[in-house]
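In what follows, chains are A, B, ... by sequence order, proteins preceding strands, each numbered from 1.
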Number of protein chains: 2
Amino acid sequence: MSDVARLAGVSIKTVSRVVNDEAGVHPATAERVLAAIERLGFRRNLSARNLRRGSSTGTLGVILEDVGNPFYSVLTRAVEEVARTQGRQVLTGSSDEDPGRERELALEFCARRVDGLIVVPAGMQHGYLVPEMQAGMPVVFVDRPAGDVVADTVLVDNIGGTADAVKHLAAQGHQRIAFFGDAPDIFTASERLRGFREGCARSGVRYGEDLVFMGPHTEAGVAELLERALGGPEPATAVVSGNNRITVHMLRALYGRPARPALVGFDDFELADLLNPPISVVQHDASMLGRAAAELLFARLEGDSSPPRRVVLPTRLVARGSGEVHP
Amino acid sequence: MSDVARLAGVSIKTVSRVVNDEAGVHPATAERVLAAIERLGFRRNLSARNLRRGSSTGTLGVILEDVGNPFYSVLTRAVEEVARTQGRQVLTGSSDEDPGRERELALEFCARRVDGLIVVPAGMQHGYLVPEMQAGMPVVFVDRPAGDVVADTVLVDNIGGTADAVKHLAAQGHQRIAFFGDAPDIFTASERLRGFREGCARSGVRYGEDLVFMGPHTEAGVAELLERALGGPEPATAVVSGNNRITVHMLRALYGRPARPALVGFDDFELADLLNPPISVVQHDASMLGRAAAELLFARLEGDSSPPRRVVLPTRLVARGSGEVHP
DNA sequence: CGCCCCGATGACAACGTTGTCTGGTTCCGG
DNA sequence: CCGGAACCAGACAACGTTGTCATCGGGGCG
């Protein structure tokens, strides 16, 4: 900036005035300054500007499990979209479900003075965020609630969605329904299991521990447990899958098998409608999750200080016909 | 920081020494300072630190078409992974193929003094980056080359990949092969078309303008053109699709049709192997693209000043059997 | 002609840090 | 008992900006 000032024969303050479009600069002077800026390729340093003005940094931190996962990347995109209307940039970080990593990222973002944090919690301990939140950093948790702080949270209706899946299957006569889910210490997994159980109760389906399988996360693991669910004296005739990774593993395990159980998966995925048979799913909108979270965050930034809110977004059962396939 | 200093009864410099783990602070003093930091929830301001030290901001800018697109989100993840080993954070922005938006994002990132830029070009004019690059900002272009600057670029072998697809189809006896691609002003689209043409020449397949369809980007558009390709006196018996969006549109258009043309798609996609018939694809690795770009960038940051490089990553034809389905 | 006001510009401090240098103890060896 | 190292701690400036206030002409008005 001082280089520009020297070249234009003015003081740096005048340069500042020009780059900020402040009134009260003689057009001819402004001309000279602009020419100097152009010639030197000057670009003002936003960090210094924000430091001096005490204004926000214009950035948002987003912490999630894996940016590479389509579900989260769509969420990120939605956040970015909202941030853009506010002229803000988005910093992302993947925690890989590691609470330590999540914490590290969050504190790093705080040190960068992001205006707010959107977090898909990896662990159950978020006490480390308390000082930041007290200092005024708005934090919104998405997809799962925080462990031990009260804060704005956006969730999907895991229980209702899974119960709907059971209802859908029961309506088609299935009485032996298996459930495959993530490890039960993951919030969404235990909620969906609860929804499964409630759905069974509501739809008059006998619920049995022997048909609940939590935690397999490899294709081989899913295949093995599936074998167990479909064997035995009273085999399952239908399966509810707790998330799209498991659904896909399951599809591979079932591929080429003559008689397949009916299958309803939580989470939609591309091409589900083109498979044979098409897969029914409990659909929920990652994009809407992201938008809701971002909007909640911006409301806080604009001074909303009402008590923390918990938003639960609905799910939608998309029946694609797989349910009708009886073994 | 001055609050901490006051509470601990020391000068702010001593606080600085403690937070930076500098030697020469009495253990008892350090103890007091740490207690004060803890009590006040102090977190040092990284912007101010970087400003004062003149060091890098520890951030990278990534500009691509759409973070929500699985291809780019995997790329982003790979960049993040490399950045992490260097203790750097990633700022992302989606250009939506709008050159103006790309420029806006790039300049904004530069004003934030990111350490480097990874760009999937939206347009063909990148002259606006010249001053930044001269000022030492390393820029790596990914997936498509820059319009009018020479810089490091990472591409995939669009021509070879598409030619392979033609070869694969020709080897199975197809003589009438159609090509569906993006609008020809998109670099990858025109390259793949060129690969298609070269593949035809090399494999002895007659190339005809009447079987080339560039630019459809809706399902209806693809369906209509497909109708044309598969009708007429000399219908196509096989189709090469220029990217995975088109492949998916095509699959929907073909769904339920009794006789389907053989299909090879550029870009792999999840579940391609579970469709009936499974879809053969020209596979290329978004993750590798991202990693290569990030590594190139970091090499520049470490002072590598060799002439700009152009890296072309290979593609791999994954034959899944769709090619063998003759109409 | 003198006064005041206004338009244009600059000097200086401050944002939150850290590098440099200096001041003040303490402790050791001579 | 003194010189000087070793150790601690603070004062001050600077990073690149911008807010505040002061300065300096010139023109309009009484």
Side-chain angles (χ1 to χ4, degrees), chain A residues 1-34 36-37 40-59 107-115 132 135-137, chain B residues 1-37 40-59 107-115 131-132 135-137:
Chain A
M1 196 148 147
S2 65
D3 293 345
V4 174
R6 203 173 320 119
L7 183 58
V10 297
S11 74
I12 60 170
K13 178 65 224 202
T14 296
V15 178
S16 168
R17 271 193 263 262
V18 171
V19 298
N20 286 302
D21 268 334
E22 276 177 49
V25 177
H26 194 90
T29 315
E31 196 76 17
R32 284 208 320 281
V33 171
L34 286 173
I37 286 176
L40 296 177
F42 166 78
R43 203 84 60 190
R44 87 173 148 207
N45 184 328
L46 270 187
S47 305
R49 170 175 223 251
N50 293 328
L51 177 58
R52 170 62 237 243
R53 313 223 319 178
S55 58
S56 83
T57 57
T59 52
L107 293 182
E108 167 92 15
F109 286 167
C110 288
R112 285 190 191 288
R113 297 293 188 268
V114 294
D115 300 339
E132 317 293 343
M137 166 86 58
Chain B
M1 197 148 148
S2 66
D3 292 345
V4 174
R6 203 172 320 120
L7 183 60
V10 297
S11 74
I12 59 169
K13 176 68 227 200
T14 297
V15 178
S16 169
R17 271 192 265 263
V18 172
V19 299
N20 286 303
D21 268 333
E22 276 176 47
V25 178
H26 194 91
T29 314
E31 194 76 19
R32 283 208 320 282
V33 171
L34 286 174
I37 286 176
L40 297 176
F42 167 79
R43 204 86 60 193
R44 83 171 152 210
N45 184 327
L46 269 185
S47 305
R49 171 175 221 251
N50 292 328
L51 176 60
R52 169 64 239 244
R53 312 222 317 180
S55 58
S56 84
T57 57
T59 52
L107 294 182
E108 166 92 18
F109 286 166
C110 288
R112 285 190 190 287
R113 298 292 188 268
V114 294
D115 300 340
E132 317 294 340
M137 166 87 57

Atom CD1 of A:I37 and atom P of D:dT17 are separated, to the nearest Å, by 10 Å
| task | Spell out yes or no: do the side chain of A:R52 and the base of D:dT18 have one donor N/O and one acceptor N/O closer than 3.5 Å? | result | yes
The answer to which of A:M1 and B:K13 contacts DNA chain D further toward the 5' end, by nearest nucleotide, is B:K13
Open item on the list: Looking at A:R53, I'd like to know whether one of its side-chain N or O atoms comes within less than 4.0 Å of OP1 or OP2 on D:dT18.
Closed with: no
Exercise. Can you find a heavy atom in the side chain of B:E108 that is under 4.5 Å from one in the side chain of A:L46?
Worked result: yes
Here the distance between atom P of C:dC6 and atom NE2 of A:H26, to the nearest Å, is 19 Å
Considering only heavy side-chain atoms of A:A48, the closest of C:dT17, D:dT18, D:dT17 is D:dT17
Result block: side-chain N/O donor-acceptor pairs under 3.5 angstrom for residues 21-32 of chain B, not counting sequence neighbours:
| unit_1 | atom_1 | unit_2 | atom_2 | d |
| --- | --- | --- | --- | --- |
| B:R32 | NE | B:A8 | O | 3.0 |
| B:R32 | NH2 | B:A8 | O | 3.2 |

Is the distance from OP1 or OP2 of D:dA9 to the nearest side-chain N or O of B:T14 less than 4.0 Å?
-> no
Margin query: Between A:N20 and A:R44, is there a side-chain heavy-atom distance shorter than 4.5 Å?
Written below: yes
Separation of D:dG19 atom C1' from A:I12 atom CD1, nearest Å, is 13 Å
Under a 3.5 Å distance rule, please check whether A:R112 uses its side chain to pair with a backbone N or O of B:T57 as donor and acceptor. yes
- When all nucleic acid strands are considered with a 4.0 Å heavy-atom cut-off, which category describes B:T29: base, sugar-phosphate, or nothing? sugar-phosphate
When rounded to whole Å, the CG to P distance for the pair A:N50 and D:dC15 reads 19 Å
Here the gap from A:R6 atom CZ to A:I12 atom CD1, rounded to the nearest 0.5 Å, amounts to 11.0 Å
Taking for B:G24 and for B:L51 the nucleotide of DNA chain D with the nearest heavy atom, the one nearer the 5' end belongs to B:G24
Q) Quick one: the side chain of B:R17 and the base of C:dG19, do they pair up donor-acceptor inside 3.5 Å? A) no
message = Is the phosphate of C:dT17 approached by B:S16 (side-chain N or O, under 4.0 Å from OP1 or OP2)?
response = no
Closest non-hydrogen contact found for B:P131 with A:G41 is CB-CA, 4.2 Å
Rounded to the nearest 0.5 Å, the CE atom of B:M137 sits from the CG atom of B:D115 at a distance of 8.0 Å
Terminal axes of the helix from C:dC1-D:dG30 to C:dG30-D:dC1 (5 end pairs apiece), angle rounded to 10 degrees, sit apart by 60°
To the nearest angstrom, the CZ-P distance between A:F42 and D:dT17 comes to 4 Å
To the nearest angstrom, the CZ-P distance between A:R49 and D:dG16 comes to 17 Å
In whole angstroms, the gap separating P of D:dA9 from CD of B:E22 amounts to 12 Å
Rounded to whole Å, the CZ-P distance (A:R44 to D:dG19) equals 10 Å
To the nearest 0.5 Å, atom OG of B:S16 lies from atom CZ of B:R49 at 8.0 Å
task: With heavy atoms under 4.0 Å as the rule, sort A:G54 into base, sugar-phosphate or nothing.
output: nothing
Exercise for the section: May I ask you to say what B:N20 touches in the nucleic acid, namely base, sugar-phosphate or nothing, with a heavy-atom cut-off under 4.0 Å? Expected result: sugar-phosphate
